[in-house]
Amino acid sequence: MLTIVVLAAGMGKRMRSDLPKVLHPIAGKPMLGHVLDNAASLRPDRVVLVTGHGGRQVQEACTDRARLHFAVQEPQLGTGHAVQQAEPLFLPDGITLVLYGDVPLVQPTTLQRLIDAAGGGLAVLTLELDDPSGYGRIVRDADGRIQRIVEHKDADAATLAVREVNTGILAAPTAALRRWLGQLDNRNAQGEYYLTDVIAMAVAEGVPVASASPEAAWETLGVNSRVQQAELERVYQGEQARRLLEAGVTLADPGRFDLRGELHCGRDVFIDVGCVFEGHVTLGDGVAVGPYAVLRNTSVAAGATVLAYSHLDGAEVGAAAQVGPYARLRAGTRLGARSRIGNFVEMKNTVLGEDSKANHLAYVGDAVVGARVNLGAGTITCNYDGVNKHQTVIEDDVFVGSDTQLVAPVRVGRGATLGAGTTLTKDAPADALTLSRAAQKTVAGWQRPQKTKPKP
Ligand code: UD1
Ligand code: CA
């Protein structure tokens with residue numbers, strides 16, 4: 001049985017924030033969310049979250065609250081004290097893994113290796129650092145066996161020279177950990193109950209103590225300040241960029257790429273600088289995304305192009321379609337194959353048929369538009385009467401002249417033409433020209449007003 005304890009009671013003073021530290025995001029997701037997701041991938045039998053500062057807010061932010069157990073640590077008297085609060089919620093046997101809520105990027109593979117290293121005993125995740133200051137030091141005997149962990153503030157000169165440090169993450173046999181927790185004291189430089197004291201207790205009882213190391217050092221970086229948060233964000237984005245490059249995606253600059261969610265790419269996808277991808281985004285084979293585009297919960301089919309500064313949220317772009325520059329596609333927009341959306345066009349809850357176009361300056365909302373339709377510059381669906389939304393239907397092969405307002409609900413029949421400047425308030429019949437326009441007139445003999453002469 002695997003119990004995972006996540007420590008998240010610390011207040012994170014150095015963030016200088018009203019938001020509890022573990023709720024600050026990396027790649028758009030709270031740090032704690034990363035930890036809980038990675039924990040969940042180990043298929044634990046129980047996850048206990050220890051909260052303290054901002055505890056209610058932290059608990060409410062957990063998306064799968066129902067599957068978590070909560071312990072409250074108030075006041076915060078050290079990492080050992082924190083785990084003591086979780087102890088009544090431990091499963092009766094098996095292994096317990098302790099994670100930190102502010103160490104968001106530790107990989108499941110690393111955690112599994114730690115658990116494997118523990119076997120039936122204890123294992124700590126350690127790391128060699130050039131500058132180990134601040135960390136607990138791993139003290140080994142002449143044969144290299146771990147003896148204990150000494151906190152920086154309690155260490156003598158010889159111990160301070162040790163470069164192997166405690167990342168804080170450990171795995172221990174649950175029943176023994178229970179016993180050791182009961183024996184902790186706070187007779188140390190910080191007057192805290194140190195979780196790390198359990199290592200010496202295990203050694204004293206003859207329980208084997210092993211170690212494992214993360215594949216990459218960044219996995220165990222913690223966040224105590226906005227600077228460290230920003231650094232870890234770059235590390236994470238760099239990793240995502242590297243994975244995409246390795247999968248065959250071209251990134252114009254891996255240093256100017258942000259993914260806050262999941263991005264699935266086909267072959268030969270090109271992504272220009274400054275793009276942001278959020279939620280679940282899919283780009284088909286040969287898709288090109290221009291600079292500074294934002295794509296959120298969107299799929300773009302093969303061969304389509306999204307040009308600079310376009311904003312797509314909840315959209316589906318058909319094969320070989322072209323969007324932008326400066327287009328905005330909102331939720332429920334579905335563009336057919338080879339369709340074209342040009343600059344300053346906004347679409348919402350609209351299905352646009354194959355080979356249809358809206359090339360400039362338009363608002364199309366709550367509409368069903370057929371194939372081979374041309375929506376001229378300045379086309380507006382007046383979908384909202386101030387209370388309710390209404391639908392506009394434009395059938396295949398319609399030509400909508402520039403500066404046309406379609407006052408919904410309204411339908412334009414197949415092959416119809418709407419003259420420029422029309423305000424359409426009734427359905428337009430198929431294959432006919434419909435227009436609403438005041439008759440043009442020319443006033444004979446009219447003269448421009450003259451500037452009145454100033455009085456002398
Ligand atoms: C701890 C380790 C140290 C290790 C370092 C790695 C101990 C005694 N020391 O030190 O060996 O090198 O982490 O970063 O364990 N927390 C609580 N309640 C508390 C205290 C802490 O929940 O009362 C949580 C914090 O929110 C944080 C984690 O435990 O997520 C670590 O706390 P922190 O104060 O950073 O530990 P360190 O003293 O740096
Ligand atoms: Ca710390």
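We're numbering straight along the sequence, starting at 1. Counting convention: from 1, in listed order, for ligands and their atoms alike.
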For Val150, the option from Val139, Ile199, Asn188 that meets side chain to side chain contact (heavy atoms under 4.5 Å, CB included): Val139

Per-atom contacts of ligand 1 with Asp102, taking only distances under 4.0 Å to non-hydrogen atoms: 27 (C), 30 (O)

Residue portion contacting ligand 1 (non-hydrogen atoms closer than 4.0 Å) for Leu77: backbone

Donor-acceptor side-chain pairing of Thr126 and Arg140 below 3.5 angstrom: no

Contacting atoms of ligand 1, where contact means under 4.0 angstrom from a heavy atom of Thr167: 6 (C)

Salt-bridge present (Glu246, Arg243; N to O < 4.0 Å): no

Beyond-backbone contact of Gln76 with His81, side-chain heavy atoms, under 4.5 angstrom: no

Test of proximity, Leu195 against ligand 1: N or O pairs below 3.5 Å: no

Per-atom contacts of ligand 1 with Tyr194, taking only distances under 4.0 Å to non-hydrogen atoms: 8 (C)

Between Glu233 and Gln237: side-chain donor-acceptor atoms closer than 3.5 Å: yes

Polar atom proximity, Gly136 to ligand 1 (N or O, under 3.5 Å): yes

Thr96-Thr174 side chain donor-acceptor pair, cut-off 3.5 Å: yes

Gln190, portion touching ligand 1 at heavy-atom distance under 4.0 Å: neither

Side-chain donor-acceptor contact under 3.5 Å, Ser133 with Asp131: yes

Any N or O of Thr196 closer than 3.5 Å to N or O of ligand 1: no

Pair Asn38-Ser41, side-chain donor/acceptor within less than 3.5 Å: no

Proximal ligand 1 atoms for Leu7, defined as those under 4.0 Å from one of its heavy atoms: 22 (O), 24 (C), 29 (O), 30 (O)

Geometric N/O contact Ala82 with ligand 1, under 3.5 angstrom: no

Val165 heavy atom under 4.0 Å from ligand 1: no

Ligand 1 to Glu151 polar contact by distance, N or O atoms, under 3.5 Å: yes

Close approach, Gly222 and ligand 1, non-hydrogen under 4.0 angstrom: no

Option of least heavy-atom distance to atom 8 (C) of ligand 1 (set: Thr126, Ile199, Thr79): Thr79

Part of Val50 with heavy atoms under 4.0 Å of ligand 1, whether side chain, backbone, both or neither: neither

Contact check: Asn224 vs ligand 1, nitrogen or oxygen atoms, below 3.5 angstrom: no

CZ/Arg46: more than 12 non-hydrogen atoms of other groups inside 6.0 Å: yes

Arg267, CZ: over 12 other non-hydrogen atoms inside 6.0 angstrom: no

N or O pair under 3.5 Å between Tyr135 and ligand 1: no

Gln73, portion touching ligand 1 at heavy-atom distance under 4.0 Å: side chain

Donor + acceptor pair across side chains of Asn224, Lys21 (<3.5 Å): yes

